[in-house]
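Worksheet: the structure to be examined is printed underneath.
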Amino acid sequence: MSVKLYYFDARGICDPIRMILTYGGIEFDEIRAPVDTFPPNLPTEIKSKCRWGQVPMVEFDGKSLNQSLAITRYFAKKANLVPQDIYEAALCDEYVDAVRDLMAPWYVAVMENDEQKKQEKIDEARKATKTRFLDVFESIVKLNDGKHLVGKSLTWADIYLAYIIQHFEILLGVNIASEHPTLKTLSENVLNEPNIKKWIDRRPKTKY
Amino acid sequence: MSIKLYYFDGRGLAEPTRWILAYAGVEFEDIRAPLDLPVTIPPEIKAKCTWGQVPLVELEDGKKIAQSLAITRYFAKKHNLVPEDLYEAAVCDEYVDSIREFMQAWYVITHEKDPEKKQEKRQEVLKSTKQRFFDVFESIVAKSSDGKHLVGNSLTWADIYLTHGLNHVGLVHEIDLLNDYPALKKLSENVLQEKGIQAWVQKRPLTKF
């Protein structure tokens, strides 16, 4: 399968896809649009290829796929990172959607340029996400097997959560899971998986 | 135990799940919290909700699923509304995510109180959602092999979600979106003719949202 992935020159909401492709041993080429402004503008020559005018977008076998979670879930299935059991697969969907909700207040802190206001926004994000999300995720993993969100083996939900923890540490210098030991261990284990570390070690070092 | 679906007294994010269960002929308890402003979930329901939000579903064995798309996709899979082919299944996911985007764009103007500003925003949202979404969906369906499905030749949850999305936005904002889109009109009529869905839409509570 020859895969061409279009996004910005950033980790953003595309890096989980890149991690999963690498984990699954699926080779891919990348087109990375420059991040000159934040939020960045999508060049017309890429935008015109994208059904909804947005990236990420992926081309393979003469077909295209859009919408970041549709793409992530598709390659997760290809890489055996989605459970066969439809209830467990639904839990993965649920947890990834919850991670997306968890990200929102943290992105508000990322977008803040004033240093003092930034620290305030970080504190607000902590408050907004501790009880509602991080405590819940911590409890889910503990009640499961202590190492995975769903089932007894790696799923794309583990990868997505681990990715976000690392992403905000790079962006804000803050480990959002610092008070959640089980999540901290989960993310370290995921990010050290050889075929995920392979991507992390070779990816371009970008701000976002 | 029967399936329990917890949401507000409204169509919103739970309605596609209700349509799928109705299509499949599956009985469920349609538990509805009053939709007042400010929007609050009653404590006895909120306590059940993994992430403090609705919709939430409790399955026959008591297991829970939260997050509206996870719930809808689960029942879609269970009732043969997700294509077997992985790529086609992914295209359904793509289309549903885009439908959610246009619904969100229209939702944002709901809270505008100033009538003049609201009318202005309404014109803007109509223009942008036509260009970015409705024109694109029309083209997809018009080019499809049978002219009435988004993916493949049989009903998928993407068809159901799109029909609900257009129906819901139309009802909330009192606008006939299908008038300009013959293929979407055909797709919509096809979905609404499905026995279970037709019966549900006829008997469902009439709510603003």
Side-chain angles (χ1 to χ4, degrees), chain A residues 1 13 17 47 50-54 56-80 82-102 128-129 131-137 139-140 143 149-150 157, chain B residues 13 17 46 49-53 55-80 82-102 105 128-129 131-137 139-140 150-151 158:
Chain A
M1 195 199 265
I13 51 171
I17 299 169
K47 193 165 181 155
C50 301
R51 186 176 278 133
W52 315 101
Q54 289 174 319
M57 183 270 280
V58 73
E59 286 170 344
F60 57 92
D61 297 345
K63 305 183 281 227
S64 72
L65 194 57
N66 301 268
Q67 293 287 3
S68 78
L69 288 182
I71 297 170
T72 316
R73 188 182 296 104
Y74 173 79
F75 288 117
K77 280 188 211 165
K78 285 252 170 226
N80 291 317
V82 174
Q84 289 297 333
D85 176 74
I86 75 167
Y87 177 71
E88 289 193 345
L91 289 183
C92 288
D93 289 343
E94 176 187 328
Y95 298 162
V96 170
D97 282 353
V99 171
R100 293 285 281 236
D101 284 351
L102 152 70
T129 57
T131 327
R132 259 193 84 191
F133 295 104
L134 295 164
D135 288 355
V136 180
F137 275 125
S139 164
I140 287 169
L143 287 171
L149 280 163
V150 183
Chain B
L13 300 174
T17 298
K46 194 161 183 165
C49 297
T50 320
W51 315 100
Q53 289 174 314
L56 176 84
V57 80
E58 283 171 345
L59 301 175
E60 295 98 325
D61 59 5
K63 288 195 186 143
K64 293 195 270 202
I65 308 173
Q67 294 287 350
S68 83
L69 286 182
I71 295 168
T72 315
R73 189 181 294 105
Y74 171 83
F75 287 116
K77 272 191 218 163
K78 217 156 189 228
H79 301 293
N80 295 315
V82 173
E84 285 295 327
D85 178 73
L86 282 190
Y87 174 71
E88 289 193 345
V91 174
C92 287
D93 288 342
E94 174 190 325
Y95 292 169
V96 170
D97 282 353
S98 296
I99 295 159
R100 293 273 332 124
E101 275 187 35
F102 81 64
S128 73
T129 53
Q131 186 195 18
R132 278 195 68 205
F133 297 105
F134 307 148
D135 291 355
V136 179
F137 278 122
S139 168
I140 291 166
L150 279 164
V151 182

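Just so you know, these numbers use all the heavy atoms, side chains as well, and skip hydrogens, waters and symmetry mates. Letters go in sequence order (proteins before strands), and every chain restarts at 1. Everything numeric in this text was worked out from a predicted model, so none of it was measured.
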Please rank V91(B), V136(B), I71(B) by heavy-atom pairs under 4.5 Å with chain A and give me the top one. V136(B)
Residue among A70(B), C92(B), A66(B), G52(B) with most heavy-atom pairs under 4.5 Å to chain A: A66(B)
Which portion of D61(A) sits near chain B, non-hydrogen atoms under 4.5 angstrom: neither
Which region of R73(B), side chain (C-beta onward) or backbone (N, CA, C, O), has a non-hydrogen atom less than 4.5 Å from a non-hydrogen atom of chain A, or is it both or neither? side chain
Between L65(A) and chain B, which part of the residue has a heavy atom less than 4.5 Å away: side chain, backbone, both or neither? both
Heavy-atom neighbours of K77(B) NZ exceed 12 at 6.0 Å: yes
Counting heavy-atom pairs under 4.5 Å with chain B, the top scorer among A98(A), C92(A), S68(A) is A98(A)
Counting only N and O atoms by type, is there a donor-acceptor contact under 3.5 Å from the side chain of E94(A) to the main-chain atoms of Q67(B)? no
To the nearest 0.5 Å, what is the distance between CG (L86(B)) and NZ (K78(A))? 5.5 Å
Using only atom types and a distance under 3.5 Å, with no angle test, would you say the side chain of Y87(B) pairs donor to acceptor with the backbone of S64(A)? yes
Of S98(B), S68(B), A89(B), the largest count of non-hydrogen pairs under 4.5 angstrom with chain A goes to S98(B)
What part of S139(B) lies closer than 4.5 angstrom to a heavy atom of chain A: side chain, backbone, both or neither? neither
Would you say that V136(A) contacts T50(B) through its side chain, given a criterion of any heavy-atom pair below 4.5 Å between the two side chains? yes
Working to the nearest 0.5 Å, report the span between OG1 of T72(A) and CG of D93(B). 10.5 Å
Can you tell which part of Y87(A) gets under 4.5 Å to a heavy atom of chain B, answering side chain, backbone, both or neither? both
Step through the shown structure and confirm whether more than 12 heavy atoms of other residues, nucleotides or ligands are within 6.0 Å of NZ on K46(B). no
For chain B, which of Y74(A), Y95(A), W52(A) has the most heavy-atom pairs under 4.5 Å? W52(A)
